[in-house]
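First the structure, in the form of structure tokens, and then the observations on it.
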2 protein chains.
Amino acid sequence: MNAPRDERAHRILDTAGALILRWGYDKTSIDDIARTAGVAKGTVYLHWKSRDALFVALLRRERVELLGEVVEQLAGTPSPATLPDLLKHFALAVLRRPLLKAVLLRDMSVIGKLARRERGDEARDRLQDGFVRYLKELRELGLVRADVTMGAQASLVASLMVGFFVAPPMMPKALSSSEDELADLLADTVRRAFDPGKRQSKADIEAGSRATRRYVEDALETAHQKLAIALSGPQAADEEVQR
Amino acid sequence: MNAPRDERAHRILDTAGALILRWGYDKTSIDDIARTAGVAKGTVYLHWKSRDALFVALLRRERVELLGEVVEQLAGTPSPATLPDLLKHFALAVLRRPLLKAVLLRDMSVIGKLARRERGDEARDRLQDGFVRYLKELRELGLVRADVTMGAQASLVASLMVGFFVAPPMMPKALSSSEDELADLLADTVRRAFDPGKRQSKADIEAGSRATRRYVEDALETAHQKLAIALSGPQAADEEVQR
DNA sequence: CGATGACCGAATGAGCTCATTTGGTCACGA
DNA sequence: TCGTGACCAAATGAGCTCATTCGGTCATCG
């Protein structure tokens, strides 16, 4: 809508992200953010009705960027998009976004007391719901083995993703490997773990590729809408009802 | 050596484990433990020279029990022992030992301030060293693919194990699957991820089985020695030097 | 001589004070 | 009309007190 206003909103989010990463959420005050962004404190409240709302907007923007990057990576290659590709690019994209990573891992030193809020990440729930639907499609297409329950498969994927972020810092230096190599191995592992054993038709592979892209693009679309609401002004919560 | 003395030591460790699990390490005093175990506080100091030493002994006992269980499981079947079998039984065994699990996951609500001690788990380092040697054997036997670096493979295993414990509590209830099913899938995943592609001779498989058993048995043996030291009396630290 | 519990200094933590900071508002001015 | 920063009530946290609890010791007892 309003270009300079949006530019300002993003500038505020930029500095908020930088400050929170450096000092942690608890130690970053609205005034710090406002002054560093070159605006007065009151101005921040022309965009968001509370500190938490600002943080929500910041996370939503990161999510849009993350999903956008994944969509881009999946589109960048002519070969069909697969689940392992998706997970690999997702993992690497998260790694490049420390704030999202901190939220994902509930890193108290960054997100402070927000780490233990009862109400878990609503966005993650949506992503997980979509993933289960997507996984179902792949199973029905014969691209993923169906002789294991979906719950176990979803848990396995979650384990691998969580482990991917948690385990490396715990490894001795002599054993640490590059992120890219580990991401490739992660993808290969999922490919093998979910391999149905049967041959797959080109048509089914293409359908799977479309499902993969649709899953991420839908998630991106939702993330976009959520972000737009969070950037629409201090009354954002009102629009939130219609989802 | 001394039967009634050892029996008492174990009784003290039993109650210590129960109390720490219920109230957390920080809130469990030596006096609590002593009274609940039916001895006087001074008696505890006839066994260990400090509170921490008692805790170390407790953990070492748990480790012996854990490894013993894994050895037993691997011995219980006539088929050759494989890496996936090992990981599966290890994972399930840890799950059955809340204290070890809490240490592994650095659960502050259980192990309290010990969670952030700089000096990481010495036992885990030993286990990891042994694992790398074991993994090397498997690769040389052609039982595990060698077209990926060992570091990446070790990280993958670590990721899977960590994820196995961390991820399930984060899953929505509708998706949660049984521990056994997930452990089986974990084992199958590692089997596929490490499959070298080439046929393996019966002799090599047998050699791998021996390597698997030897790895766990060696770890158990070391754990036993460490436990014996921790149970030998308040001067335990002196004997610790020779390692 | 092994076991005890009274005893000690140190650590803990609950409760309080009070100056500072913070989230959020709003009258004012550009 | 939009942006500002002075302003306010509430929250925070540093500093302190002080009773309690704790880890660890040791003279004493059975």
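Protein chains get the first letters and strands the later ones, always in sequence-line order, with residue 1 at the start of each. None of the values given here were measured: they were computed from a predicted structure.
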Inset, instruction - Inspect the surroundings of CD in B:Glu181 and state if more than 12 heavy atoms from other residues, nucleotides or ligands are less than 6.0 Å away. - result: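 Count over threshold, so yes.
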Sub-3.5 Å pairs of nitrogen or oxygen atoms, protein against nucleotides 5-12 of chain C:
unit_1, atom_1, unit_2, atom_2, d
C:dT12, OP1, B:Lys113, NZ, 3.3

Inset, instruction - Name all pairs fulfilling the salt bridge (charged side-chain N to carboxylate O under 4.0 Å, His left out) condition that reach into residues 16-28 of chain B, sequence neighbours left out, sorted by first residue then second. - result: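 Listed by first then second residue: nothing to list.
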Legend entry - Residue pairs fulfilling ring pair (Phe, Tyr, Trp, His ring centres under 6.0 Å) with at least one residue in residues 11-45 of chain A, sequence neighbours excluded: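 As it turns out, the ring pair (Phe, Tyr, Trp, His ring centres under 6.0 Å) pairs with a partner in residues 11-45 of chain A, which skip direct neighbours, are A:Tyr25-A:Phe55.
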[X]: salt bridge (Lys or Arg N to Asp or Glu O under 4.0 Å) partners, not counting sequence neighbours:
X        : answer
B:Asp31  : B:Arg35
B:Asp14  : B:Arg61
A:Arg213 : none
B:Glu62  : none

Legend entry - Inter-axis angle, terminal five-pair segments of the helix from C:dC1-D:dG30 to C:dA30-D:dT1 [nearest 10°]: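 About 30° separates the two local helix axes.
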Provide, to the nearest angstrom, the distance between the [atom1] atom belonging to [X] and the [atom2] atom belonging to [N].
X       : N      : atom1 : atom2 : result
A:His47 : C:dG24 : NE2   : P     : 16 Å
B:Tyr45 : C:dA3  : OH    : P     : 17 Å
A:Lys27 : C:dT20 : NZ    : C1'   : 12 Å
B:Arg35 : C:dT4  : CZ    : P     : 14 Å

Inset, instruction - Check side chain to side chain contact (heavy atoms under 4.5 Å, CB included) between A:Glu221 and all other residues, then give those that pass, not counting sequence neighbours. - result: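 Partners of A:Glu221 under the side chain to side chain contact (heavy atoms under 4.5 Å, CB included) test: A:Gln225.
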Quiz: residues 161-175 of chain A side-chain donor-acceptor pairs under 3.5 angstrom, not counting sequence neighbours:
none

Legend entry - First and last nucleotide of DNA chain D, 5' to 3', lying under 4.0 Å from heavy atoms of chain B: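 That gives a stretch of D:dC22 to D:dT25.
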Legend entry - Where at least one partner belongs to residues 153-168 of chain B, residue pairs that pass side-chain hydrogen bond (donor to acceptor under 3.5 Å, both in side chains), sequence neighbours excluded: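 Passing the test, one end in residues 153-168 of chain B: B:Arg139-B:Gln153.
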